[in-house]
Amino acid sequence: MIHAAFSPYTSAIGRPAAPLLRTYGEAIGAGQVFVAEETGGVIGVAVLESQKAELILEVLAVSPAWQGRGIGGSLLSFAEHLAGLGGCHLVRLYTNVVMQDSIRFYSSRGYIETHRGASEGYQRIHMQKQLRRLGAR
């Protein structure tokens with residue numbers, strides 16, 4: 001599913017997108033991988049890592065056949081909810097500069113660009129969203 005979601009960007013990036021090169025066994029074992037399922041098949045995945053008072057969204061992917069149906073938004077809302085429950089006040093992520101759909105997706109959900117730069121051979125856009133604290137008005 002991750003391969004199907006990210007492999008279309010390989011030619012634009014000039015190499016496989018970072019999520020395609022990652023192994024997920026350790027993240028699965030650490031309870032950092034959350035999936036959306038439909039009739040027993042995985043249709044979306046979020047890989048989340050807590051760091052102090054922040055939640056890092058490492059990967060968010062939706063099967064191409066299910067894109068545009070709210071799965072990504074549901075996974076992102078779930079991540080933000082978990083962040084709040086865990087006392088995190090900020091969700092951070094990065095995406096590749098060529099992934100304009102992803103940039104629009106995150107921007108439309110309140111994420112703001114904090115900076116751009118090269119990292120691990122990729123041109124990345126770093127984004128974040130400040131979460132309302134539970135009980136805050």
Side-chain angles (χ1 to χ4, degrees):
M1 199 278 316
I2 288 175
H3 184 270
F6 285 98
S7 62
Y9 294 104
T10 299
S11 63
I13 295 171
R15 62 189 278 201
L20 296 173
L21 303 176
R22 181 177 178 170
T23 57
Y24 294 92
E26 188 175 316
I28 291 168
Q32 298 172 325
V33 178
F34 300 87
V35 299
E37 294 181 298
E38 179 65 33
T39 59
V42 175
I43 60 171
V45 63
V47 181
L48 312 172
E49 181 183 335
S50 267
Q51 292 183 355
K52 299 179 184 174
E54 301 176 350
L55 182 76
I56 309 302
L57 178 60
E58 293 284 341
V59 176
L60 179 67
V62 175
S63 171
W66 286 88
Q67 290 175 4
R69 298 187 196 188
I71 306 302
S74 293
L75 283 167
L76 189 58
S77 293
F78 175 77
E80 292 170 1
H81 179 74
L82 279 182
L85 290 176
C88 296
H89 66 276
L90 187 71
V91 177
R92 291 188 310 136
L93 60 92
Y94 58 78
T95 188
N96 196 288
V97 296
V98 303
M99 297 181 178
Q100 292 298 310
D101 289 341
S102 295
I103 296 163
R104 282 190 293 276
F105 170 79
Y106 293 120
S107 295
S108 73
R109 285 157 177 81
Y111 286 78
I112 59 167
E113 181 179 329
T114 59
H115 62 284
R116 293 177 182 224
S119 175
E120 300 173 353
Y122 295 95
Q123 293 298 316
R124 293 182 168 151
I125 295 178
H126 296 259
M127 304 178 86
Q128 69 181 32
K129 181 178 180 178
Q130 186 78 38
L131 301 177
R132 284 184 43 192
R133 295 184 185 254
L134 293 177
R137 297 187 183 248

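All values below come from the heavy atoms of this structure, side chains included, with hydrogens, waters and symmetry mates left out. These numbers were taken from a predicted model, which means no experiment stands behind them.
Among all heavy-atom pairs drawn from Ile125 and Ile103, the shortest one is CD1-CD1, 3.3 Å. Here the closest heavy-atom approach between residue Lys129 and residue Arg109 is recorded as NZ-O, 2.9 Å. Of all heavy-atom pairs spanning Leu21 and Pro16, the tightest one is CD2-CB, 4.0 Å. Scanning all heavy atoms of the two residues, the minimum distance from Ala83 to Leu131 falls at CB-CD1, 3.6 Å.
For the pair Glu113 and Tyr106, the minimum side-chain heavy-atom distance is 4.5 Å or more. The shortest distance between side-chain heavy atoms of Ile13 and Met99 falls below 4.5 Å. In this structure the side chain of Ile43 never reaches within 4.5 angstrom of the side chain of Met1, judged on heavy atoms. Residues Leu76 and Tyr111 have side chains in contact (heavy-atom distance under 4.5 Å, counting atoms from C-beta outward). For the pair Leu55/Arg92, no side-chain contact is recorded, criterion being any heavy-atom separation below 4.5 Å from C-beta on.
Taking the charged nitrogens against the carboxylate oxygens, Glu58 and Arg22 do have a contact shorter than 4.0 Å, which makes a salt bridge.
Hydrophobic clustering (side-chain heavy atoms under 4.5 Å, transitive across Ile, Leu, Val, Met, Phe, Trp, Tyr) keeps Leu90 apart from Leu75. One hydrophobic cluster, built from ILVMFWY side chains closer than 4.5 Å, cannot hold both Ile56 and Val35; they sit in different ones.
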Check: residues 44-52 side-chain donor-acceptor pairs under 3.5 Å, at least two apart:
from: Glu49; atom 1: OE2; to: Gln51; atom 2: NE2; distance (Å): 2.9

Could you go through residues 59-74 and list every donor-acceptor pair under 3.5 Å that involves a side-chain atom there, pairing it with any protein atom two or more places apart or in another chain?
from: Gln67; atom 1: NE2; to: Val62; atom 2: O; distance (Å): 2.8
from: Arg69; atom 1: NH2; to: Ala65; atom 2: O; distance (Å): 3.3
from: Ser74; atom 1: OG; to: Gly70; atom 2: O; distance (Å): 3.0

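A donor-acceptor pair under 3.5 Å is formed between the side chain of Tyr24 and the backbone N or O of Pro19.
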Derivation and outcome, side chain to side chain contact (heavy atoms under 4.5 Å, CB included), residues Gln128 and Ile112: CA-CA 6 Å; Gln128 69 181 32; Ile112 59 167; 4.3 Å; yes
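For Phe78, the ring-ring contact (aromatic ring centres under 6.0 Å, His included) partners two or more places apart in sequence, or in a different chain, are Phe34.
Relative ring orientation between Tyr94 and His126 is described as tilted, the plane-to-plane angle lying within the 30° to 60° band.
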